[in-house]
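Worksheet: the structure to be examined is printed underneath.
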Amino acid sequence: MAYIHTCFLAFMLIASLLVPGSFATGRGGDYGPKEHGVTEKSKVEEEKLLSTNNIGIQGIVYCKSSSKLIPVEGALTRITCEAVDEYGFETRPFTFLSEETDSKGYFLAMLSPREVAEKWVLKECRAFLDASPLNNCSYPTDFNKGISGAVLHSPRFLHDKKMKLYTVGPFLFTSSPTSISDGY
């Protein structure tokens, strides 16, 4: 009797693994084109940053002068995003700039769904230091990935603005060039 019970449980386990794979995708099996790098639609949903909401990226930019941190007014940050199209194929990356930082070094970059091509899903966005208006403090550093790109993660959802808000940095400029760990 235990053998029959074990066989029945094994059969149910195998059947439960097979059924969702063939019917839940809505493709009637595994026919048709494969999605590039994406095995199931749920995987795209997990990686999705932007649905019907706006996204905002905020942070602060400083000038590191000896041991002091001075907010940089007028600095720019660059946001670069990777996306997939409706079929799961990677699209070309697109980039946009933040507004200039205010007197406290604060920046806010915003992206709305209408700025992203129809049926594209954002996979990953990174924030980079772009430009400093200060001649004596114009070299970006890789502190908090200001050069290599800070990946956006762990957003707060602002219900009143219907926005996912990401925080990066703070980012630092210095008065002399520095190399990052990869030797650049």
Side-chain angles (χ1 to χ4, degrees), residues 32-63 71-102 104-134 137-173 177-184:
K34 301 274 188 237
E35 294 177 338
H36 177 69
V38 179
T39 56
E40 290 186 29
K41 197 170 193 163
S42 64
K43 199 164 212 167
V44 172
E45 295 297 322
E46 288 174 9
E47 295 176 337
K48 186 180 350 185
L49 286 176
L50 178 67
S51 55
T52 57
N53 301 312
N54 295 322
I55 63 169
I57 300 97
Q58 70 176 356
I60 297 177
V61 178
Y62 292 109
C63 171
V72 178
E73 182 175 3
L76 294 173
T77 58
R78 176 175 37 94
I79 312 300
T80 300
C81 297
E82 297 174 7
V84 294
D85 64 16
E86 62 187 303
Y87 303 107
F89 292 102
E90 289 184 8
T91 63
R92 65 185 178 343
F94 64 95
T95 298
F96 61 100
L97 293 175
S98 68
E99 296 291 324
E100 291 183 350
T101 55
D102 65 13
K104 295 179 182 178
Y106 176 82
F107 70 88
L108 176 65
M110 294 185 53
L111 179 66
S112 68
R114 64 183 169 272
E115 294 174 281
V116 179
E118 189 174 324
K119 299 185 180 179
W120 280 15
V121 176
L122 293 180
K123 282 180 45 176
E124 180 179 270
C125 292
R126 292 177 180 261
F128 301 85
L129 276 172
D130 194 68
S132 170
L134 305 175
C137 198
S138 60
Y139 294 100
T141 68
D142 202 39
F143 183 76
N144 288 325
K145 307 256 185 217
I147 294 174
S148 58
V151 176
L152 305 186
H153 59 84
S154 305
R156 288 187 339 205
F157 188 74
L158 304 178
H159 294 282
D160 58 333
K161 297 184 186 209
K162 296 182 181 174
M163 178 193 318
K164 290 181 182 178
L165 182 63
Y166 296 86
T167 302
V168 294
F171 293 145
L172 302 178
F173 282 103
T178 57
S179 63
I180 61 174
S181 60
D182 291 280
Y184 293 101

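Just the heavy atoms: all of them, side chains too, but no hydrogens, waters or symmetry mates, feed the values below. Just so we're clear, the structure is a prediction, and the values are computed from it rather than from any experiment.
In terms of heavy atoms, T91 sits closest to D85 at CG2-N, 3.8 Å. Taking all atoms of both residues into account, the shortest heavy-atom contact from F173 to A75 is CE1-CB, 4.2 Å. Of all the heavy atoms in I147 and F128, the pair that sits closest is O-CD2, 3.1 Å. In terms of heavy atoms, F107 sits closest to V168 at CZ-CG2, 3.8 Å. C63 approaches L134 most closely through the heavy-atom pair CB-CD1, 4.5 Å. Heavy-atom minimum distance, I57 versus L165: N-CD1, 4.3 Å.
The line from SG of C125 to CG of L111 is 7.0 Å long, rounded to the nearest 0.5 Å. Summarising the geometry, atom CZ belonging to F143 is positioned 10.5 Å from atom CZ belonging to F171; distances are rounded to the nearest 0.5 Å. Atom CE in M110 sits 10.0 Å away from atom CD in E99 (nearest 0.5 Å). Atom OH of Y106 sits about 8.5 Å away from atom CD1 of I60, to the nearest 0.5 Å. Between L172 atom CG and S132 atom OG the span is 11.5 Å, to the nearest 0.5 Å. Residue L108 holds its CG atom at 12.0 Å from OG1 of T101, rounded to the nearest 0.5 Å.
Using a 4.5 Å heavy-atom threshold, the side chains of L76 and E100 count as touching. Between K145 and R126 the shortest side-chain heavy-atom distance does not fall below 4.5 Å. Looking at I79 and S98, their side chains never come closer than 4.5 Å, going by heavy atoms from C-beta outward.
In this pair, F96 and F94 present their aromatic rings parallel. The plane angle is below 30°, not in the 30 to 60° band.
Checking side-chain atoms of D130 against main-chain N and O of R78 turns up no donor-acceptor pair under 3.5 Å. Side chain of N54 to main chain of M163: no donor-acceptor pair is present (N/O by atom type, distance under 3.5 Å, no hydrogens or angles).
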